[in-house]
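Structure first, then comments.
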Protein chains: 2
Amino acid sequence: MASDQNTASAPRVRIPEATIQRLPVYLFRLQALQAHGIKKVCSRELADELKISSSRLRHDFHYFGSFSRPGHPYDVEPLIARLRDILVLSEPIDFIIAGMGNLGQAMATYAQFEQDGFRLVGLFDINPKIMGLNFRGVTVQDLEMLPDLVRARHVPLGVLTVPASAAQSVADLMVDAGIRGIWNFAPINLKLPANVVLHDEFLSASIMSLSYKMKTMLGSNGGRRDSGA
Amino acid sequence: MASDQNTASAPRVRIPEATIQRLPVYLFRLQALQAHGIKKVCSRELADELKISSSRLRHDFHYFGSFSRPGHPYDVEPLIARLRDILVLSEPIDFIIAGMGNLGQAMATYAQFEQDGFRLVGLFDINPKIMGLNFRGVTVQDLEMLPDLVRARHVPLGVLTVPASAAQSVADLMVDAGIRGIWNFAPINLKLPANVVLHDEFLSASIMSLSYKMKTMLGSNGGRRDSGA
DNA sequence: TAGATTGTTAATCGATTAACAATC
DNA sequence: TAGATTGTTAATCGATTAACAATC
């Protein structure tokens with residue numbers, strides 16, 4: 001009996017966070033290749049395009065077993081299927097959005113999520129002017145209705161696009177209703193039970209770290225505004 | 001203690017990417033503490049709140065010199081000023097947005113950026129129905145006008161919220177006009193000159209890695225089915 | 001002062017890269 | 001087959017954590 005770990009959903013070792021975050025990037029690139037009619041790709045080509053080493057790519061794949069046979073490049077189509085299988089459940093994952101300001105509306109209308117295996121099932125806000133609006137076939141309801149929907153449909157995933165001041169209490173609402181993962185856009189460090197997955201998306205932090213990189217790239221003295229000593 | 005040793009822009013060694021991405025998070029938490037009237041904070045407290053080790057926090061700070069004196073906790077106000085100085089230039093950084101779909105509109109109306117030292121100076125799209133709309137005092141113009149504005153005002157930063165199919169060509173437009181950094185939301189690997197800073201924000205990748213984590217958590221700790229309804 | 005807590009170096013840990021055997 | 005390229009382990013590199021001297 002050799003090592004037959006070709007079951008994608010049950011890797012034996014803990015997968016590094018860095019690897020997990022690269023898997024969707026592999027997937028997107030492969031989908032783009034497929035759209036161009038490309039059937040096969042070797043680790044070197046794919047890695048070059050993503051500006052990583054081929055070694056790293058094969059190492060990442062290796063956590064989940066084997067994806068081809070030595071001497072042969074990867075077949076694009078089954079590789080896509082395999083990655084999709086690793087990343088998402090076979091049936092769509094239901095999600096709700098709390099906070100239908102501009103960011104919430106953008107998330108509600110972002111079509112890509114649907115293609116990636118996520119299904120929008122609820123939108124919530126406290127602003128009466130926003131309640132009743134319809135996005136992609138889903139009507140914005142009062143935030144008070146959130147727990148009922150989450151319980152009734154066993155919604156596993158919540159997107160949190162409320163103001164920072166409300167984020168913790170709305171997160172608590174989600175957790176109490178049984179949500180299993182929160183995608184948080186509020187710039188605040190939420191306190192959640194250990195069994196709820198939290199993924200922070202701090203857009204302001206993102207633009208600030210970009211700003212830092214631009215600043216350092218400008219020059220060794222930090223740019224033209226260097227106040228004379 | 002005004003600005004005597006604020007040589008923040010000239011650290012001696014290369015700063016790890018991970019450290020750079022934590023700096024804004026420190027800043028946000030400190031601003032929240034300040035809003036609550038808290039004047040001093042020690043590395044242990046601040047780190048605990050952010051779920052990192054105090055050692056890591058002090059190590060991060062140490063890249064930029066000294067922030068207090070042994071035996072004394074950090075003063076919140078000067079620490080905020082110091083971090084802001086490290087992360088952004090003292091005067092606001094001008095930025096433009098290309099692609100005024102839902103995500104572009106959300107970025108245009110996100111007030112936080114202004115507080116963090118960024119100034120919206122241009123909005124662009126190719127859709128005639130969107131041109132002429134006004135967001136935060138800025139009118140959406142034809143994409144063709146982008147190079148002129150970037151050149152005229154020396155705009156350093158561009159936000160790319162166009163569809164993936166258009167992303168590379170619009171990025172080229174920005175780069176040719178002299179932009180220095182691109183914040184890219186299109187799920188595609190842009191090819192840019194080495195002197196232009198690229199920061200990818202792959203939202204779909206984010207939700208998929210969150211999905212993976214939820215999936216593995218369901219399998220591994222299996223115990224908690226549902227909190228006793 | 002003495003206790004507290006930073007600044008700073010050393011030890012540990014984990015992730016990336018290199019190398020090559022396996023093998024189609 | 002022979003060349004190509006994966007799968008897989010070992011070596012290297014970098015980041016995190018631990019420890020404690022410095023010192024206010």
Side-chain angles (χ1 to χ4, degrees), chain A residues 1-8 11-23 25-26 30 33 38-79 82-83 86 209, chain B residues 1 4-8 11-23 25-26 30 33 38-79 82-83 86 209:
Chain A
M1 162 175 174
S3 51
D4 58 332
Q5 41 185 328
N6 280 12
T7 44
R12 308 263 158 76
V13 288
R14 215 189 74 86
I15 314 296
E17 177 71 20
T19 294
I20 294 167
Q21 291 182 354
R22 278 191 294 269
L23 294 181
V25 181
Y26 299 144
L30 287 163
L33 292 176
I38 292 165
K39 304 279 189 214
K40 291 173 183 296
V41 66
C42 71
S43 63
R44 177 65 184 281
E45 287 169 324
L46 187 52
D48 282 356
E49 286 161 348
L50 305 179
K51 293 164 203 144
I52 62 168
S53 72
S54 67
S55 185
R56 184 150 74 168
L57 183 146
R58 292 198 304 278
H59 208 297
D60 282 344
F61 283 3
H62 183 237
Y63 286 107
F64 302 94
S66 131
F67 287 70
S68 181
R69 282 161 198 170
H72 297 264
Y74 303 108
D75 288 312
V76 172
E77 196 181 316
L79 184 50
R82 190 76 177 283
L83 287 172
I86 290 168
S209 60
Chain B
M1 60 169 72
D4 48 341
Q5 63 177 156
N6 278 18
T7 50
R12 310 263 155 75
V13 288
R14 215 189 74 85
I15 314 298
E17 178 71 21
T19 294
I20 294 168
Q21 290 182 356
R22 278 191 294 269
L23 293 181
V25 181
Y26 298 145
L30 286 163
L33 291 176
I38 292 164
K39 304 280 189 214
K40 292 174 183 292
V41 66
C42 70
S43 62
R44 177 66 184 280
E45 287 169 325
L46 186 52
D48 282 356
E49 286 162 349
L50 304 179
K51 293 163 202 144
I52 62 169
S53 73
S54 67
S55 186
R56 184 149 76 168
L57 183 146
R58 291 197 305 276
H59 208 299
D60 282 343
F61 282 3
H62 182 236
Y63 285 107
F64 302 94
S66 130
F67 287 70
S68 180
R69 283 161 197 170
H72 297 264
Y74 302 108
D75 288 312
V76 172
E77 196 181 316
L79 184 50
R82 190 77 177 279
L83 287 172
I86 290 168
S209 61

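Atom set for the values below is all heavy atoms of this structure, side chains included, hydrogens, waters and symmetry mates excluded. Letters A, B, ... are given to chains in the order of the sequence lines, protein chains preceding strands, and every chain is numbered from 1.
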Can you give me the N/O atom pairs linking the protein to nucleotides 5-9 of chain C at distances under 3.5 Å, or say none if there are none?
unit_1: C:dT5; atom_1: O4'; unit_2: B:G71; atom_2: O; d: 3.4
unit_1: C:dT5; atom_1: O2; unit_2: B:G71; atom_2: N; d: 2.8
unit_1: C:dT6; atom_1: OP1; unit_2: B:S43; atom_2: N; d: 2.7
unit_1: C:dT6; atom_1: OP2; unit_2: B:S43; atom_2: OG; d: 2.6
unit_1: C:dG7; atom_1: OP1; unit_2: B:S66; atom_2: OG; d: 3.2
unit_1: C:dG7; atom_1: OP1; unit_2: B:F67; atom_2: N; d: 2.7
unit_1: C:dG7; atom_1: OP1; unit_2: B:S68; atom_2: N; d: 2.7
unit_1: C:dG7; atom_1: OP1; unit_2: B:S68; atom_2: O; d: 2.9
unit_1: C:dG7; atom_1: OP2; unit_2: B:Y74; atom_2: OH; d: 3.2
unit_1: C:dG7; atom_1: N7; unit_2: B:R58; atom_2: NE; d: 3.1
unit_1: C:dG7; atom_1: O6; unit_2: B:R58; atom_2: NE; d: 3.3
unit_1: C:dG7; atom_1: O6; unit_2: B:R58; atom_2: NH2; d: 2.9
unit_1: C:dT8; atom_1: OP2; unit_2: B:H62; atom_2: NE2; d: 2.8
unit_1: C:dT8; atom_1: O5'; unit_2: B:H62; atom_2: NE2; d: 3.4

Please tabulate, one pair per line, each protein N/O and nucleotide N/O from nucleotides 12-14 of chain D that are separated by under 3.5 Å, including the distance.
none

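Side-chain contact between B:S209 and A:I20 is present, with heavy atoms from C-beta onward closer than 4.5 Å. No side-chain heavy atom of B:F64 sits less than 4.5 Å from a side-chain heavy atom of B:L83.
In this structure, B:K40 places its NZ atom 16 Å from P of C:dA4, rounding to the nearest Å. The distance between atom CG of B:D48 and atom P of D:dT17, rounded to the nearest whole Å, is 12 Å. Nucleotide D:dA15 holds its C1' atom 11 Å from the CZ atom of B:R14, rounded to whole Å. When the P atom of C:dT16 is taken as reference, atom CG of A:L57 falls 12 Å away, rounded to whole Å.
Listed by chain and residue number, nothing satisfies the side-chain hydrogen bond (donor to acceptor under 3.5 Å, both in side chains) test with B:S55 (two or more places apart in sequence, or in another chain). For the side chain to side chain contact (heavy atoms under 4.5 Å, CB included) test, no residue two or more places apart in sequence or in another chain qualifies with A:P70. Every residue two or more places apart in sequence or in another chain that forms a side-chain hydrogen bond (donor to acceptor under 3.5 Å, both in side chains) with A:Q21 is listed here: A:E17. B:E45 pairs by the salt bridge (charged side-chain N to carboxylate O under 4.0 Å, His left out) definition with nothing, not counting sequence neighbours. For A:Y74, the ring pair (Phe, Tyr, Trp, His ring centres under 6.0 Å) criterion is met by A:F61, not counting sequence neighbours.
Applying the salt bridge (charged side-chain N to carboxylate O under 4.0 Å, His left out) test to pairs two or more places apart or on separate chains, those with a residue in residues 60-75 of chain A are A:R22-A:D60, A:K40-A:D75. Sorted by first and then second residue, the salt bridge (charged side-chain N to carboxylate O under 4.0 Å, His left out) pairs involving residues 48-59 of chain B (not counting sequence neighbours) are B:R29-B:E49, B:R44-B:D48.
Closest approach of B:Y63 and B:R14 over heavy atoms only: CE2-O, 4.2 Å.
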Checklist line | Secondary structure string for DNA chain C (Watson-Crick or G-U under 3.5 angstrom, | for other-strand pairs) | finding: ..||||||||||||||||||||||
